[in-house]
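Hydrogens, waters and symmetry mates are skipped; everything else that's a heavy atom, side chains included, is used. For clarity, every value in this text was computed on a predicted model and none was experimentally measured.
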Amino acid sequence: MTLPRYRELAEVLVREVRADYDPGDLLPTEAQLARRFAVNRHTVRRALDELVAAGMVTRHQGRGTQVVDRRLDYAVSAGSKVTQNLAGLGLPSTTCCLEQGLVNPPEAIAQRFGRPASEPLLRVDTVRTVDDAPLMRLRHWFDPARVPGWLARYRGGSTRALLAQHYGLQLHRRQVRIDAVGADRDDTRWLQCPLNAPLLVMTSNNTDADGVLVEVSVGRARADRLSYHVDFEEAAGQGHASPGASDPSALFPSDEDDA
């Protein structure tokens, strides 16, 4: 079958980006590409949309289309923080709050807190963006008794910063589990990736200085843009990952499931 013209153009651009461009390089403008391939700018834009969805390029207002490093190296340790890790890579990031409120948790989350699923926990959904491109979405589950007044204070940004500033809490990862899953429809919306694209799901039990569980965080990250590495010297003595639920979707059900 004949491919649509924009798909043919996308395949050409994918090959050229892989062969001829380095991370940070700018592609020719849409007008230049339209002239080169004798197509209209709408076709070029649709082709570039394919590269954006694949995590190969990002768009910047006023700058153009830029090639990105296909995977950011994310260090996982007891005290590492998303914002701090990305800043260490020279990558400014922003965190947008999508939704928050008291919600009855999935059974797998309730078990981690040692509570019945009928007892609401504070759920905070965020999406983390790097270079104007979404990298990961996170679902934070908090013991609401440890963060009174949260809903009036949090509007976005680092949750760890708010925990430290207003609640005197410095959380540490106690247990971590990493799974591979396919993107669902919510992921395609917030992470701008194709349905069933590979994601890395990291679930962390985060405790206070006394080892009491305060938060369970579930991060869904684009596997084409991020890889995790663990420093075993840093991780020594931190314990083993909890077996948890066999299906990570039980920890981060889609909004459709919640409905």
Okay, side chain of Tyr167, backbone of Pro148: is any donor-acceptor separation there less than 3.5 Å? yes
Can a side-chain donor-acceptor contact be found between Thr95 and Arg128 if the only test is distance below 3.5 angstrom? yes
Tell me whether Asp184 is salt-bridged to Arg220, with the criterion being a basic N under 4.0 Å from an acidic carboxylate O. yes
Are any non-hydrogen side-chain atoms of Leu138 and Val218 less than 4.5 angstrom apart? no
Would you mind reporting whether Leu48 and Glu30 have side-chain heavy atoms less than 4.5 Å apart? yes
Determine, stepwise, if the pair Arg139 / Asp186 fulfils salt bridge (charged side-chain N to carboxylate O under 4.0 Å, His left out). CA-CA 12 Å; Arg139 177 161 290 177; Asp186 293 323; over 6 Å; no
Given the rule in the side chain to side chain contact (heavy atoms under 4.5 Å, CB included) test, do Val201 and Ile178 qualify, once you have shown the distances and angles that lead to the verdict? CA-CA 6 Å; Val201 179; Ile178 299 176; over 6 Å; no
Is there any salt bridge (charged side-chain N to carboxylate O under 4.0 Å, His left out) pair reaching into residues 47-57, and which pairs are they, with sequence neighbours excluded? Arg7-Glu50, Asp49-Arg59
Which atom pair, heavy atoms only, marks the closest approach of Pro194 to Thr188? C-CG2, 3.7 Å
Run through Thr207, Leu162, Asp208 and flag the one making a side chain to side chain contact (heavy atoms under 4.5 Å, CB included) with Leu169. Asp208
According to a 4.5 Å side-chain heavy-atom criterion applied to Ile, Leu, Val, Met, Phe, Trp and Tyr, with indirect links allowed, do Tyr6 and Leu27 form part of one hydrophobic cluster? no
Main-chain N/O of Asn205 paired with Gln175 side-chain donor or acceptor, under 3.5 Å: no
Got Val103 and Leu121 here, is their nearest side-chain heavy-atom distance under 4.5 Å? no
Output the distance between atom OG (Ser217) and atom CZ (Arg173), rounded to the nearest 0.5 Å. 6.5 Å
Val67/Asp22 under side chain to side chain contact (heavy atoms under 4.5 Å, CB included): CA gap, chis, key distance, verdict: CA-CA 7 Å; Val67 178; Asp22 293 319; over 6 Å; no
Measuring only between side-chain heavy atoms, which start at C-beta, is Leu213 closer than 4.5 Å to Trp141? no
Go through the steps to decide whether Arg5 and Phe37 satisfy the test side chain to side chain contact (heavy atoms under 4.5 Å, CB included), and finish with yes or no. CA-CA 10 Å; Arg5 184 68 175 117; Phe37 292 102; 4.1 Å; yes
Under 3.5 Å, side chain of Gln111 to main-chain N/O of Ala108, donor-acceptor pair present? no
Note: Leu33 and Pro28 closest approach over all heavy atoms is CD1-O, 3.8 Å
Assign the ring pair Phe142 / Trp150 to parallel, tilted or perpendicular, where the plane angle (0 to 90°) is split at 30° and 60°. tilted
Heavy atoms, side chains only, cut-off 4.5 Å: are Asn206 and His140 in contact? no
Using atom types as modelled and distance alone, determine if a side-chain donor or acceptor of Arg222 lies under 3.5 Å from a backbone N or O of Gln192. yes
Determine whether Arg41 and Arg46 make a side-chain contact, defined as any pair of heavy atoms from C-beta on separated by less than 4.5 Å. no
Is it true that Ser118 and Asn104 share a donor-acceptor pair across their side chains at a distance under 3.5 Å? no
Keeping the roles fixed (side chain from Asp187, backbone from Leu191), state whether a donor-acceptor pair exists under 3.5 Å. no
In short, Pro120 meets Leu102 closest at the heavy-atom pair CB-CB, 4.2 Å
Salt bridge (charged side-chain N to carboxylate O under 4.0 Å, His left out) involving Asp143 - partner list, sequence neighbours excluded: Arg115
Close side-chain approach of Thr65 to Thr58, heavy-atom, < 4.5 Å: no
Intermediate values then yes/no, salt bridge (charged side-chain N to carboxylate O under 4.0 Å, His left out), Arg36 and Glu16: CA-CA 14 Å; Arg36 174 188 168 192; Glu16 292 187 355; 2.5 Å; yes
Rounded distance (nearest 0.5 Å) linking atom CZ of Arg137 with atom OG1 of Thr126: 10.0 Å
Is the backbone of Arg160 close enough, under 3.5 Å, to the side chain of Ser158 for a donor and an acceptor to pair up by distance? yes
With salt bridge (charged side-chain N to carboxylate O under 4.0 Å, His left out) as the test, would you mind laying out the steps for Glu99 and Arg123 before giving the verdict? CA-CA 8 Å; Glu99 186 180 7; Arg123 193 184 81 183; 3.7 Å; yes
Could you pull out the closest heavy-atom pair between Gln66 and Leu26, with the gap in Å? CB-CD2, 3.7 Å
So, does Asp20 use its side chain to make a donor-acceptor pair with the main chain of Val17 at under 3.5 Å? no
CZ (Arg174) and CZ (Arg112) are apart, to the nearest 0.5 Å, by 13.5 Å
Would you name the heavy atoms of Ala183 and Leu195 that are closest together and state the gap between them? O-CD1, 3.5 Å
Can you tell me how far CG of Leu3 sits from CG of Leu9, rounded to the nearest 0.5 angstrom? 11.5 Å
Side chains of Cys96 and Thr129 in contact at under 4.5 Å (non-hydrogen atoms): no
Identify the two heavy atoms, one from Asn40 and one from Ala34, that lie closest to each other, and give their separation to 0.1 Å. C-CB, 4.2 Å
